[in-house]
Number of protein chains: 2
Amino acid sequence: MPNPTAAMLVIGDEILSGRTRDANMHYLAGEFTKHGIDLKEARVVSDAPDAIVAALNALRAAYDYVVTSGGIGPTHDDITADCVARAFGVGIDVRDDARAILQAHYDRQGLELNAARLRMARIPDGAALIDNPVSAAPGFSIGNVHVMAGVPSVFQAMVASVLPTLTGGAPLLSQTLRVMRGEGDIAGPLGALAADFPDLSIGSYPFQRDGIFGANIVVRGADGARVDAAMTRLSGLFAE
Amino acid sequence: MPNPTAAMLVIGDEILSGRTRDANMHYLAGEFTKHGIDLKEARVVSDAPDAIVAALNALRAAYDYVVTSGGIGPTHDDITADCVARAFGVGIDVRDDARAILQAHYDRQGLELNAARLRMARIPDGAALIDNPVSAAPGFSIGNVHVMAGVPSVFQAMVASVLPTLTGGAPLLSQTLRVMRGEGDIAGPLGALAADFPDLSIGSYPFQRDGIFGANIVVRGADGARVDAAMTRLSGLFAE
C-alpha cells in the first residue's frame with residue numbers, strides 16, 4: 001500500500017517579502033518522513049483571502065492530509081480561520097470550549113480576555129481543537145486540514161499533538177553516500193543503477209565547498225534489503 | 001502602477017523529505033523585494049514530471065515572472081529542462097552555444113565533456129541562456145520563466161545575472177517597531193491603525209523568547225511619507 005500523501009500551506013506575507021525565513025516546512029518534512037507520510041507539495045501564499053482559499057481547496061482535494069501554518073493570532077492580519085471556514089463552506093464563531101481554554105490561560109496570567117484575544121476562539125463549525133501547550137490559543141482540524149500557528153515553537157507543539165492521530169505508512173529508509181567527485185563523473189553509472197532499482201528513489205544532491213565539487217547520493221525506499229543492495233553496488237562504483 | 005508579480009517554483013524531493021532545508025526562496029524573496037517585484041507565491045514540488053509541468057503552467061499564467069530552482073544538473077534525476085520544454089510545448093536538444101560553454105569549462109579543468117555533462121547543454125527551443133560564473137552549466141529563460149540551479153551559490157549568481165533584465169517597480173519601503181507586549185494587547189489599536197492606512201500593509205509578527213511574548217510590527221508601502229506617518233502613530237500607541 002502506498003504511503004499517505006500530504007501537502008503544506010504556509011500563510012504569510014513575511015515569508016514572501018524575505019523578512020522571515022520559514023522554518024516550519026523543513027520541520028514538518030522531517031516529522032512526516034519519520035512517520036511514513038509523503039510530503040508531496042508545499043506552497044507559500046500571502047495574507048490574501050482569495051489566494052488562501054484557492055490554495056487550500058486545491059491541496060485538500062489532491063492530498064490525504066494538509067497542514068497549514070500561520071495567521072491564527074489575534075491581530076487584524078490573522079485571517080486563516082475565516083479563510084478555512086470559507087473554503088469548507090461552513091460558519092465560524094467564538095466557541096465555548098476554545099473560549100474556556102483562553103479564559104483559563106489569561107486568568108492565570110492576570111490578563112484580560114479582550115476582544116482581540118477572543119478572536120482566537122473563533123473556530124469553524126465542525127472542527128476539532130488542536131492543543132497548544134505553549135501559548136494556549138488552539139489550532140484546529142477540519143476534514144483533512146490541520147490548522148496550526150506560525151511561531152515555530154507553537155507549530156512544533158501542535159505537530160506533536162496531531163501526528164499520533166494521523167495514519168502513517170512504512171517509514172522511508174534512507175542511506176547516503178558522499179562522493180567527492182563532480183556529478184558529471186558519476187551521472188552515467190548512477191543512472192544505470194537507478195534503472196536497475198526502479199522501486200527505490202535514488203537522488204544526487206551536488207554541493208560545492210572550497211571550490212571542490214561533490215555530491216551526496218541518497219537512496220530511499222521502504223524495503224531495507226533493497227536499499228542495502230543498492231548501497232553495496234553504489235559503494236563499489238564510487239569507492240575512492 | 002502596481003509592481004510586477006512573481007512566483008517561485010522549487011523543484012526537489014530533498015526539500016520535501018526534510019533532507020535539505022531550502023535557502024533559495026528566502027534569498028529570492030529579499031532580492032525581489034529590493035527590486036520592487038512582489039513575490040506572491042512559492043511552491044515546492046517533487047521530482048515528478050507531471051507535478052512540475054502542472055505547477056509551471058499554473059504559475060506562468062498567473063504571474064509576471066516565474067523563477068525555478070533545482071534539477072538542471074547532469075544526473076538522471078535532473079528533469080527540469082525537459083519538463084519546461086513540455087510545459088511550453090517546444091522541443092529540446094543539445095545546443096551549440098551551451099555546448100561550447102561547457103566544452104571550454106571542462107577543457108580548462110582537463111575533464112571530459114561526457115554524455116552526462118552534455119545533458120546540461122540541452123536547452124528548450126527558443127530559450128536564452130543564463131550565465132553561470134560559478135560552475136559554467138547555464139540556466140535559461142523562456143517566456144516569463146527563468147530556470148536556475150538549486151545549489152545556492154549558483155542560484156544566487158544566476159539571480160544576479162537575470163535581475164537587471166527584469167522590469168522592477170517601486171521598491172517597498174518598510175519600517176519595523178518591536179513591541180514587548182503580547183499580540184492580544186496590541187491587536188485592537190493596531191487594527192484601527194490598519195483601517196486608517198488602507199494603502200499600507202501593516203503586519204504583526206509575534207515571537208516568544210525566554211517566555212516573554214512580543215511582536216514585530218512591520219509597516220510596508222511605496223510612499224515613504226505615509227509609512228512615516230503610520231510609524232509615528234504606532235510609536236505613540238505603543239510607547240513603553
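Numbered from 1 within each chain, the chains take letters A, B, ... in sequence-line order.
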Heavy-atom contact with chain B under 4.5 Å, split by part of [X]:
X: A:A23; value: both
X: A:S174; value: neither
X: A:M25; value: side chain
X: A:V218; value: side chain
X: A:S204; value: both
X: A:F213; value: side chain

Taking only residues two or more places apart in sequence or in another chain, which ones pass side chain to side chain contact (heavy atoms under 4.5 Å, CB included) with B:N216?
A:R19, B:T176, B:R178, B:F207
For chain B, the option from [options] that forms the most heavy-atom pairs under 4.5 Å:
options: A:G203, A:G182, A:G188, A:G184; value: A:G184
options: A:K34, A:E41, A:E14; value: A:E14
options: A:T33, A:V154, A:I186; value: A:T33
options: A:L190, A:V45, A:D78; value: A:L190

Where is the tightest heavy-atom contact between A:I37 and A:A6, given as atom of each residue plus distance?
CG2-CB, 3.7 Å
Compare every heavy atom of A:A55 with every heavy atom of A:L9, then report the nearest pair and how far apart it is.
CD1-CB, 3.8 Å
When you measure from the side chain of B:D38 to the backbone N and O of B:K40, does any donor-acceptor pair fall under 3.5 Å?
no
Residue part contacting chain A, namely of B:R119, when any heavy atom lies under 4.5 Å
neither
Should we say atom CZ of B:R21 is surrounded by more than 12 heavy atoms from elsewhere, each under 6.0 Å from it?
yes
If the contact rule is any heavy atom under 4.5 Å from chain B, which residues of residues 107-118 of chain A qualify, in numerical order?
A:N114, A:A116, A:R117
Ring-plane angle category for B:F32 and B:Y65, please: parallel below 30°, perpendicular beyond 60°, tilted otherwise.
tilted
Assert top hit (heavy-atom pairs under 4.5 Å, partner chain A, pool B:G30, B:A187, B:G191, B:A42) equals B:A42
